[in-house]
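Here is the structure we will look at.
Below, each value reflects all heavy atoms present in this structure, side chains not excepted, and no hydrogens, waters or symmetry copies. Chain naming here is simple, since letters A, B, ... match the order of the sequence lines and numbering starts at 1 in each. If you're wondering where the values come from, they're calculated on a predicted model, not measured in any experiment.
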Amino acid sequence: MAAAADEDFVQLLDPAGNRVEHPDFSYSGSDTDLAASLRDMVLTRRFDAEATALQRKGELGLWPPSLGQEAAQVGSAKAIADTDRIVPSYREHGVAWVRGVDLKALLGVFRGSAMVDYHPDDKNFNLYTWVIGGHLLLSVGLGMAMQRDGRVGGPDPDANSAVITYFGDGATSQGDVNESFVFASSFGAPVVFFCQNNQWAISEPIALQSKIPLYRRAAGFGFPGVRVDGNDVLACEAVTRWALERARRGDGPTLIEAYTYRMGAHTTSDDPTKYRGSDELDAWRAKDPIERVKAYLLRQGTIDQRWLDDLAAESDALGEQWRADCVGLPEPDLAQWWDRVYAETPHALLTQRDDFVAYRASFEEA
Amino acid sequence: MATMTMVKALNAGLRRALAADPKVLLAGEDIGNLGGVFRVTEGLKAEFGGDRVIDSPLAESGIVGTALGMALGGYRPVVEIQFDGFVFPATNQILTQVARMYHRSHGRVNVPMVIRLPYGGGIGAVEHHSESPEAYFAHTPGLKVVAAATPSDAYWMIQQAITSPDPVVFMEPKRRYHEKGEVDTEAIPMPLHQAKVVKPGKDVTVLAWGGMVRPCLEAAIVAAGEGKDVEVIDLRTISPLDDDTILTSVARTGRAVVVHEAMGTLGVGAEIAARIQERCFYALQAPVLRVTGYDMPYPPNRAEADYLPDLDRVLDAVDRSLAF
């Protein structure tokens with residue numbers, strides 16, 4: 001058990017559902033806001049469960065479950081303003097849900113029916129991306145563009161903007177990630193590096209990637225690092241809000257290490273029983289991000305059983321819709337893809353496409 | 001003689017190499033406790049220990065760069081890049097360091113390392129998990145590039161690659177990982193950099209490697225039913241190319257079709273076609289044809305059946321060649 005590592009993180013709600021005071025951070029929302037976060041976490045978990053089931057039924061080729069990471073994702077997403085830019089990795093289903101991204105498009109990616117079928121500008125949510133850590137440099141570049149546009153450190157706080165970029169503990173070993181820290185620091189870029197340390201990079205434990213707590217690496221690059229209880233949605237929101245405000249103000253980057261746990265497999269192709277024990281899983285199950293909020297809000301009287309029943313009904317209805325959305329996704333036609341390679345398509349590619357279409361048609365005539 | 005999958009054959013070949021030479025070691029993501037995401041290294045850490053079967057931090061450039069250092073320090077590292085599309089973060093190390101060390105040292109320092117690359121499509125995977133990047137490496141002087149198509153070749157070629165004094169990019173077709181074949185572990189293997197005529201024929205030569213050999217053989221069977229005698233060559237080695245086997249065959253048949261998964265433009269097939277026309281010009285009865293992936297990033301997997309060369313596309317090219 002990694003209990004020793006828990007000692008110095010920011011926590012505002014403990015696993016039993018008790019509010020905790022912290023000298024530097026506090027949750028600015030009301031209990032009603034917290035109920036909204038609870039709803040988002042429950043629905044994120046449902047979406048994830050539906051997608052996992054769809055993979056088991058062969059409707060998706062693969063799925064990377066977010067189970068257990070709902071607080072880190074929903075909490076951080078709640079702190080994001082409409083002027084901010086989000087750069088996800090490939091497991092940020094909860095962030096996508098909170099920000100209103102079309103979840104059908106995420107399913108399409110893993111169904112193999114599309115590439116990444118949404119415009120990043122629609123919800124300021126960049127394309128899901130797979131090569132580990134490869135997206136962090138462009139996150140810094142987006143922040144550098146904001147600086148040049150005068151969108152950082154301006155007099156009107158509501159007009160300022162920042163970038164939040166998501167990655168995992170494994171990614172911190174990549175050269176690109178460390179280069180991103182250097183660039184962000186050197187240029188004071190408005191970037192929040194949000195690392196979900198879920199303890200495992202497929203079969204490799206965090207100890208293989210880092211001998212010190214990840215948040216402490218930030219000091220070596222010259223910017224602050226904070227470890228937060230990644231299963232505490234209040235703390236994740238509070239710390240992210242602070243870091244984003246800092247970035248928008250022009251005070252530069254922050255590394256947030258959300259200390260959490262990947263309750264499921266790396267992806268549906270993975271079998272975690274091959275490399276980790278059930279005792280670890282049980283210990284983390286006791287720190288579930290949803291149960292603690294539920295316990296707190298029930299005790300406060302903000303929600304009751306009827307509220308939970310209504311949420312369950314909403315969850316069921318959405319589950320049904322997501323299943324239908326998934327199987328209803330249009331099949332990709334290879335002929336569409338030639339003119340998506342270049343903005344100005346070379347003639348030879350169109351000839352190649354026409355040859356393909358004619359070749360395929362020759363079977364239909366036969 | 002034993003029957004096994006390519007995964008088991010690679011595992012057996014690696015085990016034998018580890019047992020034969022204490023300087024051989026393996027490194028890569030998830031290769032130790034998990035045995036690799038494809039289980040190619042299953043059981044090897046337990047058998048040979050964590051010093052020789054190394055779970056690496058998640059950094060491909062780091063994996064290749066440190067393996068180079070270990071090679072310079074007297075070891076024979078075999079690194080696994082988890083998926084084809086993940087090799088690109090390591091390309092700086094591969095192209096600027098690994099490939100050039102021998103040349104830059106005036107031939108004084110050689111780099112005996114193997115970069116294992118599970119590659120290719122046909123497995124319904126997400127982006128970056130179905131690519132065929134062999135041309136990038138074959139284009140780079142100093143690297144050798146080979147591809148196994150069968151369990152037997154996988155078993156022998158991995159051991160030969162490990163004993164090679166040069167760095168070898170070792171391509172493993174994922175779509176063939178679980179197909180079974182005969183492996184004679186007592187046989188005397190053919191040289192690593194030699195192509196193999198896997199089906200003799202006299203009318204047209206079809207050249208392929210890795211995952212594409214099988215559809216070519218299937219096409220040859222169908223063509224035989226139509227009275228066309230197709231010769232199929234499994235190239236096995238992409239850099240260097242086995243010119244003798246290729247040119248001898250085409251000089252005899254007068255017709256050639258090159259088949260690969262990777263994009264056609266500036267691909268390995270273009271190099272092969274150029275060599276054939278340069279050196280077999282008067283023997284040619286038809287232009288050299290290529291059947292390849294299209295000039296686009298690998299598509300969403302529900303469209304990959306249209307993208308990948310298959311029996312029909314090979315047959316179509318064979319027919320066009322014969323009809324010329």
Side-chain angles (χ1 to χ4, degrees), chain A residues 61-62 64 90 108-117 128-134 168-178 201-205 208-210 266-267 269-272 274-276 329 331-338 340-341 346 348-349 352-353 356 359-360 362-363, chain B residues 28-39 42 50 54-63 65 82-83 85-90 92-93 121 123-130 263-265 291-308 312-313 316-317 320:
Chain A
L62 184 81
Y90 53 80
V109 167
F110 292 98
R111 185 170 170 83
S113 59
M115 295 299 276
V116 192
D117 195 10
Y128 258 28
T129 190
W130 280 262
V131 176
I132 301 299
D169 42 295
T172 61
S173 294
Q174 290 281 2
D176 281 2
V177 170
N178 290 275
I202 307 188
S203 74
E204 299 187 338
L208 184 62
Q209 317 292 343
S210 186
H266 164 69
T267 69
S269 296
D270 175 34
D271 174 10
K274 288 226 166 213
Y275 52 81
R276 66 184 192 187
L329 282 164
E331 291 298 315
D333 176 358
L334 194 70
Q336 300 170 326
W337 294 89
W338 269 272
R340 293 170 182 172
V341 182
L349 253 63
Q352 195 179 82
R353 178 194 63 195
F356 163 76
Y359 168 77
R360 191 172 56 179
S362 71
F363 288 87
Chain B
E29 295 157 7
D30 302 293
I31 70 160
N33 295 334
L34 185 63
V37 297
F38 295 106
R39 307 293 185 264
E42 184 141 56
I54 302 166
D55 269 323
S56 308
L58 209 166
E60 292 77 12
S61 181
I63 292 168
Q82 197 160 74
F83 281 91
F86 302 170
V87 74
F88 299 113
N92 177 38
Q93 288 296 321
I123 60 164
V126 294
E127 194 184 357
H128 309 299
H129 293 65
S130 298
M263 296 72 81
T265 293
V291 181
T292 69
Y294 298 109
D295 291 324
M296 62 172 71
Y298 198 86
N301 68 60
R302 289 172 92 91
E304 72 182 342
D306 273 344
Y307 180 89
L308 287 168
D312 284 322
R313 284 178 65 198
D316 176 69
R320 281 187 286 130

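Without hydrogens or angle criteria, B:Asn33 side chain to A:Tyr275 main chain gives no donor-acceptor distance under 3.5 Å. Looking only at distances, no side-chain donor or acceptor of A:Tyr359 sits under 3.5 Å from a matching main-chain atom of B:Asp316. Side-chain N or O atoms of A:Gln209 include none that pairs as donor or acceptor with a backbone N or O of B:Pro57 at under 3.5 Å. Formation of a donor-acceptor pair under 3.5 Å by the A:Glu331 side chain with backbone atoms of B:Arg302 is not found in this model.
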Side chain to side chain contact (heavy atoms under 4.5 Å, CB included), that's the test. Do A:Trp130 and B:Val126 meet it? Break it down for me. CA-CA 9 Å; A:Trp130 280 262; B:Val126 294; 3.7 Å; yes
Quick one: do A:Ile202 and B:Gln82 satisfy side chain to side chain contact (heavy atoms under 4.5 Å, CB included)? Show the steps, please. CA-CA 11 Å; A:Ile202 307 188; B:Gln82 197 160 74; 3.6 Å; yes
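Qualifying salt bridge (Lys or Arg N to Asp or Glu O under 4.0 Å) partners for B:Glu127, counting only residues two or more places apart in sequence or in other chains: none. Listed by chain and residue number, nothing satisfies the side-chain hydrogen bond (donor to acceptor under 3.5 Å, both in side chains) test with B:His129 (two or more places apart in sequence, or in another chain).
To the nearest 0.5 Å, atom CG of residue A:Asp271 and atom CZ of residue B:Arg39 are 7.0 Å apart.
Looking at B:Asp312, both its backbone and its side chain come within 4.5 Å of chain A, counting heavy atoms on both sides. For B:Glu29, the parts lying under 4.5 angstrom from a heavy atom of chain A are both the backbone and the side chain. When heavy atoms are compared at a cutoff of 4.5 Å, A:Leu334 approaches chain B by way of both its backbone and its side chain. Proximity to chain B (any heavy atom under 4.5 Å) is restricted, for A:Ile132, to the side chain, taken from C-beta onward.
Using the six-membered ring where Trp is involved, B:Tyr294 and A:Phe356 have ring planes that are perpendicular, over 60° apart on the 30 and 60° scheme.
Contact tally against chain A (heavy-atom pairs below 4.5 Å) for B:Ser56, B:Gly32, B:Pro299: the top residue is B:Ser56.
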